[in-house]
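Below is one structure; the comments refer to it alone.
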Amino acid sequence: MEQTTGNKGKVAAAAPQQAKQVAKSNVKKKQFKRYLPLFLMMLPGLAYLIINNYAPMFGLIIAFKNINFAQGIWGSEWIGLQNFEYLFKTTDAYIITRNTILYNGGFIILNLVIAVGIAILLNEIRSKIMARFYQSVVLLPFLISMVIVSYLVYAVLSIETGFMNKTVLPLLGLDAISWYSEAQYWPYILTIVHVWKSVGFYCVVYLAAIIGIDQEYYEAATLDGASKWQQIKSITLPLISPVITMMTLLAIGRIFYSDFGLFYQVPMDAGALSDTTNVIDTYVYRGLMQLGDIGMSSAAGLYQSLVGFILVLLANYIVRKINKDNALF
Amino acid sequence: MTHENKLWQWAANVFMMAVSLACLLPFALLVISSFTDEQAIISNGYSFFPKQFSLTAYGYLLDQSQELLRAYGITILVTVLGTSVSLVITSMLAYPLSRRDIPLRNPLAFFVFFTMLFNGGLVPTYLIYTQYLDIKNTIWALIIPGLLMNGFNVMLMRTFFITSIPVPILESAYIDGATEFKTFRSIVLPLSLPILATIGLFQTIGYWNDWFNGLVYLTDPKLFSIQNILNRILTDIQFLSNSGLGSNAGQSMAKMPSGTVRMAIAVVGVIPILIAYPFFQKYFVKGITIGAVKG
């Protein structure tokens with residue numbers, strides 16, 4: 001606009017355009033005024049996301065620095081990839097990656113098989129009251145905090161007074177086992193605890209999908225003399241497979257993140273078990289809070305964030321290929 | 001055919017009974033152990049059929065009731081405050097994003113959405129909250145980090161607004177001269193009670209069960225929520241009497257029935273949820289379904 005007023009020759013030609021622009025900016029002003037309250041409404045939420053989510057994302061650069069608390073995140077000295085070199089030289093990097101992926105991979109398969117199985121059976125139960133009772137009970141562990149779960153596990157596995165060592169093993173004529181110091185049992189223990197705690201959640205999801213299936217399919221199949229087993233195999237499973245695919249792929253997208261409570265609380269933070277209970281999340285926590293090794297800890301954290309991000313994108317890409325509606329974006 | 005059906009009913013019921021037992025028995029063991037005599041536990045371990053019952057553990061906890069009540073007070077305060085603020089800021093962010101006519105709608109939605117894909121993780125989050133915001137050992141540590149609002153809930157609520165609030169109502173409110181805040185408060189929110197209740201329930205459970213923030217940001221036991229107390233006692237049974245928190249601090253350790261107290265305190269921690277569960281069970285199930293389908 002300044003240009004047009006400065007150049008007389010062009011003023012005439014530019015006038016209508018100028019008027020248009022003024023009108024446009026008036027509209028913009030009006031729009032701004034109209035939507036200002038809506039933007040104000042968003043402010044607290046956006047501010048929270050900036051503090052809680054975006055600032056830490058930028059804070060990830062700490063992995064390339066030698067942290068100095070007096071100088072903060074920005075002031076600390078750059079050291080390039082040194083933290084990563086140290087991290088990947090240790091066997092820890094291998095162990096935590098292996099544990100994280102193997103545990104979560106196993107969890108995904110077991111959750112799927114057991115939850116679908118239970119959901120199918122729940123759907124078969126004719127008594128509404130019983131069906132609701134079963135569902136509530138199976139979902140109960142999902143509701144409980146991991147601290148409470150570790151008390152339950154302690155009641156079973158306590159070395160001196162646990163149900164296993166004092167009742168079950170003597171009954172079988174076996175010697176007591178000091179559960180909290182023998183790492184080889186923990187893959188099984190943690191898997192059982194995880195499935196116990198979370199299978200109810202997946203069960204609810206799959207049950208909702210099964211209930212959504214049109215009853216006519218089953219009626220037609222029954223008329224044709226199909227057995228229950230055949231019905232499950234050729235109606236139920238194929239029709240809930242989109243949900244299964246989606247849930248599984250989303251879980252694979254999060255395979256680099258583990259349930260911190262499960263791996264930290266349930267083994268009661270026992271150092272002797274770290275070979276089979278240490279995952280990326282517990283490694284990062286211990287480095288930061290217990291060992292004061294923030295360099296390694298932040299390197300492991302960045303490693304997790306980046307690989308996790310790539311996996312989420314990949315999983316979503318595949319979901320999108322299969323069924324656009326189920327994709328996250 | 002009916003024969004086959006009957007067989008299925010039987011098999012399904014028997015199997016589900018077994019599954020239900022597997023889910024409930026650990027809780028039963030916990031509760032029964034908490035009522036067992038300490039001596040019986042030392043000789044026979046935690047058991048479903050204890051040799052002798054006793055209330056000593058609860059008597060001991062009653063002596064420490066001041067600390068437990070304070071912890072419960074903190075849990076309740078944090079849960080109520082956190083859930084309320086969470087609902088307010090989540091809905092206030094979700095509603096404008098649901099409006100088709102707002103400028104910058106897509107970039108802003110992406111700004112929220114991106115937080116669901118990528119995050120900084122524990123170390124930078126910890127540094128931001130402790131170095132720049134000084135949240136350590138304040139009550140805010142239990143409310144703000146991680147729990148207050150998340151992109152997932154915002155998106156869930158936004159979808160609800162888009163699908164359940166008819167645009168003509170909003171337009172006529174605008175023509176009638178209602179301000180945006182007024183429309184939001186007296187039209188949008190009353191129409192959105194189902195989603196507010198669902199997200200409110202999940203936030204409540206989230207705050208009630210949270211122990212992580214206390215573990216990371218609190219060292220002062222005076223601010224511990226009930227979950228933090230449980231967390232500490234699990235590995236350090238002396239915590240209650242040692243922390244200087246105990247009303248009978250310095251009471252001789254020999255007196256404490258540690259085996260049963262451990263179980264009793266877990267019972268005290270879990271009982272409110274067990275009692276409330278039947279009442280909100282229906283909404284809980286519904287919420288899981290909505291979340292998974294829309295996730």
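Source: prediction; values computed, not measured. The chains referred to below are lettered A, B, ... by the order of the sequence lines, with proteins before strands, and numbering in each begins at 1.
Each of A:Tyr151, A:Phe142, A:Phe39 has some count of heavy-atom pairs under 4.5 Å with chain B, and the biggest count is that of A:Tyr151. In terms of heavy-atom pairs under 4.5 angstrom with chain A, the leader among B:Val88, B:Leu30, B:Ile102 is B:Ile102. Among the candidates B:Phe110, B:Tyr129, B:Tyr174, the residue making the largest number of heavy-atom pairs closer than 4.5 Å to chain A is B:Tyr174. The residue among B:Ile128, B:Leu234, B:Val270, B:Ile89 with the most heavy atom pairs within less than 4.5 Å of chain A is B:Leu234. Contacts with chain A were tallied for B:Leu104, B:Thr90, B:Ile144, B:Thr130; B:Ile144 has the most, counting heavy-atom pairs under 4.5 Å. Comparing B:Val216, B:Val19, B:Ile42, B:Val267 by how many heavy-atom pairs each has under 4.5 Å with chain A, the most go to B:Val216. Taking B:Trp208, B:Tyr95, B:Phe181, B:Phe27 one by one and counting their heavy-atom pairs under 4.5 Å with chain A, the maximum is reached by B:Phe27.
Of the two parts of A:Ser298, the backbone and the side chain both hold a non-hydrogen atom closer than 4.5 Å to a non-hydrogen atom of chain B. Contact of A:Arg34 with chain B is made through backbone and side chain together, with heavy-atom distances under 4.5 Å. Heavy-atom distances place both the backbone and the side chain of B:Gln227 under 4.5 Å from chain A. Contacts of B:Leu148 with chain A are made by both backbone and side-chain atoms, with heavy-atom separations under 4.5 Å. Using a 4.5 Å cut-off between heavy atoms, B:Phe49 does not touch chain A at all. Residue B:Arg262 touches chain A through both its backbone and its side chain, counting heavy-atom pairs closer than 4.5 Å. If you measure heavy-atom distances from B:Asn231 to chain A, the contacts under 4.5 Å come from both the backbone and the side chain. With a 4.5 Å cut-off on non-hydrogen atoms, B:Asp101 touches chain A through its backbone and its side chain both. The parts of B:Leu230 that come within reach of chain A are both its backbone and its side chain, each placing non-hydrogen atoms under 4.5 angstrom from that chain. Contacts between A:Ile144 and chain B at a heavy-atom distance below 4.5 Å involve backbone atoms as well as side-chain atoms. Neither the backbone nor the side chain of A:Gln304 comes within contact range of chain B, judged by heavy atoms closer than 4.5 Å. Of the atoms belonging to B:Met155, not a single heavy atom falls under 4.5 Å from chain A. Of the two parts of B:Leu133, only the side chain, counted from C-beta on, holds a non-hydrogen atom closer than 4.5 Å to a non-hydrogen atom of chain A. For B:Tyr126, the part sitting under 4.5 Å from any heavy atom of chain A is the side chain, from C-beta outward, and nothing else. For A:Ser227, the parts sitting under 4.5 Å from any heavy atom of chain B are the backbone and the side chain alike. Contacts of B:Met263 with chain A are made by side-chain atoms alone, with heavy-atom separations under 4.5 Å and no backbone atom involved. Looking at A:Met164, neither its backbone nor its side chain comes within 4.5 Å of chain B, counting heavy atoms on both sides. Using a 4.5 Å cut-off between heavy atoms, B:Thr179 does not touch chain A at all. Interface residue A:Ile125: backbone and side-chain heavy atoms are both found under 4.5 Å from chain B. There is no contact between A:Ile120 and chain B, counting heavy-atom distances below 4.5 Å. Using a 4.5 Å cut-off between heavy atoms, A:Met268 contacts chain B through both its backbone and its side chain. Neither the backbone nor the side chain of B:Ile226 has a heavy atom closer than 4.5 Å to any heavy atom of chain A.
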Evaluate the criterion side chain to side chain contact (heavy atoms under 4.5 Å, CB included) for residue pair A:Phe260 and B:Leu215; output intermediate values, then yes/no. CA-CA 12 Å; A:Phe260 175 77; B:Leu215 180 70; 4.1 Å; yes
Under the side chain to side chain contact (heavy atoms under 4.5 Å, CB included) criterion, do B:Tyr132 and A:Ile51 qualify, and how do the steps go? CA-CA 10 Å; B:Tyr132 295 91; A:Ile51 294 169; over 6 Å; no
Set out, in order, the CA-CA distance, both residues' side-chain angles and the distance that settles side chain to side chain contact (heavy atoms under 4.5 Å, CB included) for B:Glu180 and A:Leu40, then state yes or no. CA-CA 10 Å; B:Glu180 291 293 356; A:Leu40 284 179; over 6 Å; no
Side chain to side chain contact (heavy atoms under 4.5 Å, CB included) between B:Leu127 and A:Ile67, intermediate numbers included: CA-CA 10 Å; B:Leu127 293 177; A:Ile67 179 78; 4.0 Å; yes
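Side chain of B:Gln9 to main chain of A:Arg126: a donor-acceptor pair is present (N/O by atom type, distance under 3.5 Å, no hydrogens or angles). A distance-only check finds no donor-acceptor pair linking the side chain of B:Tyr46 to the backbone of A:Tyr154 [under 3.5 Å]. Looking only at distances, a side-chain donor or acceptor of A:Trp196 sits under 3.5 Å from a matching main-chain atom of B:Ala22. Judged by distance alone, the side chain of A:Tyr54 and the main-chain N or O of B:Phe111 form a donor-acceptor pair under 3.5 Å. Checked by atom type and distance alone, the side chain of B:Asn209 pairs as donor or acceptor with a backbone atom of A:Leu143 at under 3.5 Å.
Under the 30°/60° scheme for interplanar angles, the aromatic rings of A:Phe309 and B:Phe114 are found to stand perpendicular. A perpendicular orientation is assigned to the rings of A:Phe163 and B:Phe48, their planes being inclined by more than 60° (bins at 30° and 60°). Between A:Tyr285 and B:Phe212, the angle of the ring planes lies from 30° to 60°, which puts this pair in the tilted group.
To the nearest 0.5 angstrom, A:Asn52 atom CG is 8.5 Å from B:Leu147 atom CG. Considering CD1 of B:Ile273 and CG of A:Leu140, their distance stands at 9.0 Å, rounded to 0.5 Å. With rounding to the nearest 0.5 angstrom, the OG atom of A:Ser136 is 11.0 Å from the CZ atom of B:Phe284. Going from atom CG of A:Leu60 over to atom OG1 of B:Thr125 covers 8.0 Å, rounded to the nearest 0.5 Å. For the atom pair CG of B:Leu97 and CE of A:Met42, the computed distance is 5.5 Å after rounding to the nearest 0.5 Å. Distance check: B:Phe113 CZ to A:Leu49 CG gives 13.5 Å after rounding to the nearest 0.5 Å.
Considering every non-hydrogen atom in both B:Met16 and A:Leu121, the closest pair reads SD-CB, 4.4 Å. When all heavy atoms are compared, the tightest approach of B:Asn119 to A:Ser305 is O-OG, 2.7 Å. Contact between B:Trp8 and A:Trp229 at its shortest, heavy atoms only, is CZ2-N, 4.3 Å. Between B:Pro124 and A:Gly59 the shortest heavy-atom distance is CB-C, 3.7 Å.
Open room surrounds CZ on B:Phe15; 12 or fewer heavy atoms of other groups in view lie less than 6.0 Å from it.
Residues meeting the side chain to side chain contact (heavy atoms under 4.5 Å, CB included) test with A:Val137, sequence neighbours left out: A:Phe133, B:Ser20, B:Cys23, B:Leu24.
With B:Phe118 as the partner, the side chain to side chain contact (heavy atoms under 4.5 Å, CB included) test is satisfied by one option alone out of A:Val312, A:Leu306, A:Leu313: A:Leu306.
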